[in-house]
Enquirer: 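Have a look at this one before I ask anything.
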Amino acid sequence: MLEIKNLHVQLEEEDKKILKGVNLSLDPGKVHAIMGPNGSGKSTLSYVLSGKKGYEVTSGSAHLEGNDLLVMDPEERAAAGLFLAFQYPVEIPGVGNMTFLRSAVNSQRKLRGEPEMTAGDFLKAVRDKAKHLKIDSDMLKRPVNVGFSGGEKKRNEILQMAMLEPKMCILDETDSGLDVDAMKLVAEGVNALRDKKRTFLVITHYQRLLDHIKPDIVHIMAAGRIIKSGGPELALEVENNGYAKLLEESS
Amino acid sequence: MGIEMNNVDVKDGVDADTVEAVRALSSTYKYGWNTEIEMEYAPKGLSEDIVRLISSKNNEPEWMLDWRLSAYRRWLELKEPNWAMVDYPSIDFQDQYYYARPKSMVEKPKSLDDVDPKLLETYKKLGIPLKEQALLAGVEAPEGERKVAVDAVFDSVSVGTTFQAELKKAGVIFCSFSEAVKDYPELVKKYLGSVVPVSDNYYATLNSAVFSDGSFVYIPEGVRCPMELSTYFRINAENTGQFERTLIIADKGSYVSYLEGCTAPKRDVAQLHAAVVELVILDDAEIKYSTVQNWYPGDENGKGGIYNFVTKRADCRGNRSKVMWTQVETGSAVTWKYPSCILRGNESQGEFYSIAIANNMQQADTGTKMVHLGKNTKSRIVSKGISAGKAQNTYRGLVSMHPKAKDSRNFTQCDSLLIGDKCGAHTVPYIEVKNNSSRVEHEATTSKVDDDQLFYCRSRGMGEEDAVALVVNGFCKEVLQALPMEFAMEAQQLVAISLEGSVG
């Protein structure tokens with residue numbers, strides 16, 4: 001599904017290298033987790049994959065189902081099936097959540113050359129999916145993320161994911177700032193979307209999210225590289241021993 | 001804009017329609033074409049003879065000519081105002097045509113069926129319905145589609161007015177200004193210049209001398225106008241100024257919603273538009289006046305475009321009278337416009353909702369005046385200024401509470417949005433309070449469309465320009481909501497089109 005080879009990235013504005021040769025191969029239907037200490041480059045990886053400005057790829061490649069992601073505009077990547085659930089979803093005053101969602105769904109369809117979703121079908125789908133995430137109709141009408149609590153913002157990201165039905169979902173620290181109940185709700189939302197074809201890349205600091213979203217493979221990232229990969233037991237090791245030992249081993 | 005439309009490589013899976021739609025949207029000003037039509041011009045320049053000529057072209061009575069001449073003489077003594085934050089080469093008033101009409105309009109057509117097909121085609125192309133299909137076919141308009149009566153003004157003359165007969169049944173008068181002077185001289189004499197006096201300001205005085213046509217509306221006592229009224233202005237001729245005049249009188253307890261739209265062809269030489277709009281609102285009456293101003297804004301280097309110097313004023317003469325101005329200003333090279341409310345009647349109310357967009361080299365200095373004279377009067381101002389490219393956008397507003405305007409209130413909200421780092425936004429509020437029971441509130445904000453918002457939208461699949469349009473439309477929401485529904489849709493699209501090329 002997603003093939004990242006020897007990816008090197010630095011900041012555009014200053015001479016600072018952040019990713020120093022990331023290799024990752026994600027198969028369809030699998031849930032991969034990336035864990036790592038602050039500043040290891042986890043969020044940068046998610047931004048570079050989704051096409052945020054301000055980063056320069058100096059070498060390496062990233063392909064989604066064989067298509068070169070790095071030459072595409074962010075909206076083309078989205079239409080190709082890539083989705084990033086943001087760590088800090090931005091607020092858009094005056095734009096209703098529903099309007100935003102509909103515009104997103106239909107923009108992607110247009111880019112793919114598919115017919116737009118009718119108002120009726122759209123409404124039905126949103127209501128159905130919102131219900132499972134305990135998002136009420138009031139939250140659908142409010143401007144995008146404006147005045148939302150931390151939990152509401154993250155649930156809203158999952159709602160967008162559910163509506164857009166991406167092939168490749170990246171969750172960037174979706175657990176940050178959530179209490180246990182909110183985290184469960186978000187995890188349920190994600191689990192409901194798991195199937196044989198859809199791939200997930202879950203970025204997190206902590207093992208606790210992985211109690212709810214069970215990964216197939218865990219990667220440890222440090223100083224811009226994947227330093228170790230393994231099964232779910234790797235996450236537990238981090239939980240018990242911290243990153244120090246793993247960092248020592250790799251250096 | 002980062003998209004080169006001429007030799008775009010179409011990726012697999014992107015259909016031709018999408019590419020076509022994007023291409024159509026990218027052609028910035030949609031209404032820049034010209035109608036090839038034989039015109040009759042008055043000689044270039046301005047003089048007493050030209051004023052007499054315009055009057056005689058309209059077959060006006062003596063009193064109308066005298067009114068014009070007094071305005072002209074007054075104008076000669078006035079100086080062009082220079083306090084606005086706009087900068088343009090000085091206008092040579094002798095290098096303009098003050099009157100231009102299609103030759104086919106010399107003999108005024110008796111009905112729309114007799115109008116030159118070229119003119120009808122022009123309005124059709126602009127999307128303005130000049131046919132009364134629904135009425136002629138004897139059927140009501142389909143549900144949800146409201147009837148709109150249109151007065152179409154082409155350069156210096158009114159081409160035709162639709163639904164006049166049906167409106168007449170309700171007692172509503174809706175006709176061109178020149179017809180009103182002939183058919184309803186008493187009403188015109190009574191109200192013309194009673195809101196914007198002949199000597200009001202440089203451009204209003206000029207207009208009073210040389211105005212050629214425009215729209216006239218009278219809503220009798222207690223009548224709710226059965227449909228929306230609208231005037232559509234088109235400047236077509238070169239080197240020609242358009243000077244139209246609108247007078248609307250809402251008699252006691254009546255109501256009317258009036259819409260106004262304007263476009264012009266792309267020309268390299270700037271053109272002058274100086275209009276006057278007067279609204280008279282008597283006891284318990286209400287007027288809603290909406291404008292979508294989309295004059296040619298000039299090219300990205302500031303060449304050409306319309307200089308838009310407009311005086312619009314509503315006199316809430318009666319008690320409990322109400323007026324609401326809503327404007328979407330996206331066009332013109334220079335805009336100088338302050339639709340105002342004189343709140344003379346007790347408990348009268350004035351509202352002003354404005355979206356002003358200035359892109360490329362456009363300059364806008366616009367706002368309102370709320371003059372509170374009566375007791376318990378209320379006013380509300382919501383202004384959204386958007387600047388992009390190298391444009392300068394100024395909100396200029398006066399709120400004045402006179403000594404007798406006891407217990408009156410004003411609320412002003414004035415927000416500016418900047419796109420890019422070469423444009424400017426300015427807010428110039430003037431507040432005068434001369435009694436101690438009134439309250440004036442003013443809020444102002446300035447913000448930027450930020451990259452994170454745009455990236456968020458794009459990461460969900462929206463194109464860059466769609467993302468800007470979405471964010472900007474969100475910013476303008478309160479004003480867009482104040483527009484009649486059909487207009488709001490058009491305005492939303494216009495907001496998107498006006499900002500093309502502002503990012504990337």
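Numbers restart at 1 for each chain; the letters A, B, ... are given by sequence-line order, proteins then strands.
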Enquirer: Roughly how far, to the nearest 0.5 Å, is the CG atom of A:L49 from the OG atom of B:S459?
Expert: 12.5 Å
Enquirer: Which one wins on heavy-atom pair count under 4.5 Å against chain B: A:G54, A:A78, A:P166?
Expert: A:A78
Enquirer: Which members of residues 129-163 of chain A, sorted by number, sit under 4.5 angstrom from chain B on a heavy-atom basis?
Expert: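 Under the 4.5 Å heavy-atom cut-off, A:V144, A:N145, A:E157, A:Q160 qualify.
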Enquirer: Are side-chain heavy atoms of B:D452 and A:K52 found at a separation under 4.5 Å?
Expert: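 Side chain of B:D452 against side chain of A:K52, heavy atoms only: contact under 4.5 Å found.
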Enquirer: Looking only at heavy atoms, which of residues 83-103 of chain A get nearer than 4.5 Å to chain B?
Expert: A:F83, A:L84, A:A85, A:F86, A:P89, A:V90, A:E91, A:I92, A:P93, A:G94, A:V95, A:F100, A:S103
Enquirer: Tell me which pairs pass side-chain hydrogen bond (donor to acceptor under 3.5 Å, both in side chains) where either residue lies in residues 64-75 of chain A, with sequence neighbours left out.
Expert: A:E65-A:K167, A:E75-B:R458
Enquirer: More than 12 heavy atoms of other residues, nucleotides or ligands under 6.0 Å from NZ of B:K384: is that the case?
Expert: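 Yes, the 6.0 Å shell around NZ holds more than 12 heavy atoms from other groups.
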Enquirer: Can you tell me which of B:L470, B:D450, B:D451 forms the most heavy-atom pairs within a distance under 4.5 Å of chain A?
Expert: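 Of the options given, most contacts go to B:L470.
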Enquirer: Which heavy-atom pair separates A:S50 from B:F455 by the least distance, and what is that distance?
Expert: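 For A:S50 versus B:F455, the nearest heavy atoms are OG-CZ, 3.5 Å.
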Enquirer: What parts of residues 471-480 of chain B touch chain A if we use heavy atoms and a cut-off under 4.5 Å?
Expert: B:V471, B:G474, B:F475, B:K477
Enquirer: Got more than 12 heavy atoms from elsewhere within 6.0 Å of CZ, A:R194?
Expert: yes
Enquirer: Testing the basics here: between B:M462 and A:S107, what is the closest heavy-atom pair and its distance to 0.1 Å?
Expert: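 Shortest heavy-atom contact: CG-OG, 3.5 Å.
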